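Bear in mind the structure is a predicted one, so any value in this text is a computation, not a measurement.
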Amino acid sequence: MTGRQGSAHGAWFLVLPALIPILLLSVGPLLYGIALAFTDSQAGRTDPTQWIGLLNFQDLLRDTLFWESFRIGLVWAVAVSVPQFLLALGLALLLHQDLRFRWLSRALAIVPWAMPEVVVGIMWRLVYHPDAGVLNETLGTHRDWLGSLSTALPAVVVVGIWARLPQVTVTLLAGLSNVPRELHEAAAMDGAGAWRRFRAVTWPAIRPIALAISALSFIWNVNSFALVYVLTGGGPGGRTRLPMLFAYEEAFRYGQFGYAAAMGCVLVAVVSILLAVHLVARLKGDDEA
């Protein structure tokens, strides 16, 4: 028994250096943000912060602007995540083939991943520029893609797909690398075509990785901030105001820290529920399969 206790203490001693940064930089701020949501914390006030219970959440339920931003955020997350996964899967399958200069293709495919989101936003603002942008020069138009109510969100969605495509591609490519080549050769000898080999061999092998990266991609896209902030700042007319942008404005433009923290709590709760439903449905489908 003493030996087991010593082993357990030794394991905790080894894990502790990794746990401390997580507790300080993730768990601590999360708990502080949850506590802040139940207060009337504001910027510049001299009175002590008061505990107000659920008042911020009651106000949030009546805030139509926030729920509109939440709707836009879900549209953005789905519109980016679904095409992003499909394109990444196709690109990963292509890069997995024995192509000439495959190493160069793989290196070029991860270039967007190496660029900070602020740089990506500035670059695409230049692409979409109404007067000197590459897109308008190519099409021979002078359209304000980021300033139009009808094109702002689709234009930003295109940038979102492009910016995070390498992350999903590299993850799926790593999963494809672990699929035994012998299974494909055996299926080919049995007369299975490319699509049948993908369904019977490739997809079952990479399904757990696909499930994980699709869930992570959805979380990343829901929590998007810097990219959209640089591209449009939430405009025009709030058409690209994602929930994180709305919370940022409430906190740092209007100084409503408690109210902004309540927005963050609602966002985390709703996203967690959606992800739980998604994961349960996918795992149930895997069990039935």
Supply the atom-to-atom distance [X] [atom1] to [Y] [atom2], rounded to the nearest 0.5 angstrom.
| X | Y | atom1 | atom2 | result |
| --- | --- | --- | --- | --- |
| S214 | I219 | OG | CD1 | 10.0 Å |
| L93 | T169 | CG | OG1 | 10.0 Å |
| D59 | L54 | CG | CG | 11.0 Å |
| L86 | I161 | CG | CD1 | 9.5 Å |
| L176 | Q97 | CG | CD | 9.0 Å |
| E249 | Y229 | CD | OH | 8.5 Å |

Are [X] and [Y] linked, directly or through other ILVMFWY residues, by side chains that come within less than 4.5 angstrom of each other?
| X | Y | answer |
| --- | --- | --- |
| F66 | L55 | no |
| W51 | L60 | yes |
| I52 | I34 | no |
| V228 | L149 | no |
| L146 | L139 | yes |

Does [Y] offer a backbone N or O that forms a donor-acceptor pair with the side chain of [X] under 3.5 Å?
| X | Y | result |
| --- | --- | --- |
| T138 | V134 | yes |
| N221 | S217 | yes |
| E250 | F246 | no |

Under 4.5 Å between any side-chain heavy atoms of [X] and [Y], yes or no?
| X | Y | answer |
| --- | --- | --- |
| L267 | N223 | yes |
| L216 | T171 | no |
| I206 | L89 | yes |
| I72 | T240 | no |
| Y259 | Y254 | no |

Original post:
Can you say whether the rings of F70 and W67 are parallel (under 30°), tilted (30 to 60°) or perpendicular (over 60°)?
Top reply: perpendicular
**OP:** Can you label the angle between the F57 ring and the F38 ring as parallel, tilted or perpendicular, going by 30° and 60°?
**Re:** tilted
Subject >> Residue pairs, two or more places apart or on separate chains, that pass ring pair (Phe, Tyr, Trp, His ring centres under 6.0 Å) and touch residues 198-222 >> reply: W195-F198
**OP:** Among residues two or more places apart or on two chains, list those pairs meeting side chain to side chain donor-acceptor pair (under 3.5 Å) that have a residue in residues 127-137.
**Re:** N136-T141, N136-W145
**OP:** Assess whether atom CZ of F225 is packed by more than 12 heavy atoms of other residues, nucleotides or ligands within 6.0 Å.
**Re:**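 Correct, the count exceeds 12.
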**OP:** Given side-chain contact (heavy atoms from CB on, under 4.5 Å), test L74 with L274 step by step and report yes or no.
**Re:** CA-CA 11 Å; L74 290 180; L274 291 176; 3.9 Å; yes
Any idea which heavy atoms bring [X] and [Y] closest together, and the distance?
| X | Y | answer |
| --- | --- | --- |
| A92 | L173 | O-CD1, 3.5 Å |
| V268 | S272 | O-OG, 2.7 Å |
| S150 | R143 | OG-NH2, 3.6 Å |
| A261 | G33 | CB-O, 3.4 Å |
| A152 | P236 | CB-CD, 3.3 Å |
| G73 | P243 | CA-CD, 3.7 Å |

Show me the donor-acceptor pairs within less than 3.5 Å that the side chains of residues 115-127 make with the rest of the protein, sequence neighbours left out.
residue: E117; atom: OE2; partner: R164; partner atom: NH2; Å: 2.6
residue: R125; atom: NH1; partner: V230; partner atom: O; Å: 3.4
residue: R125; atom: NH1; partner: L231; partner atom: O; Å: 2.6

Subject >> Steps toward side-chain contact (heavy atoms from CB on, under 4.5 Å) verdict (T39, F257) >> reply: CA-CA 9 Å; T39 69; F257 295 137; over 6 Å; no
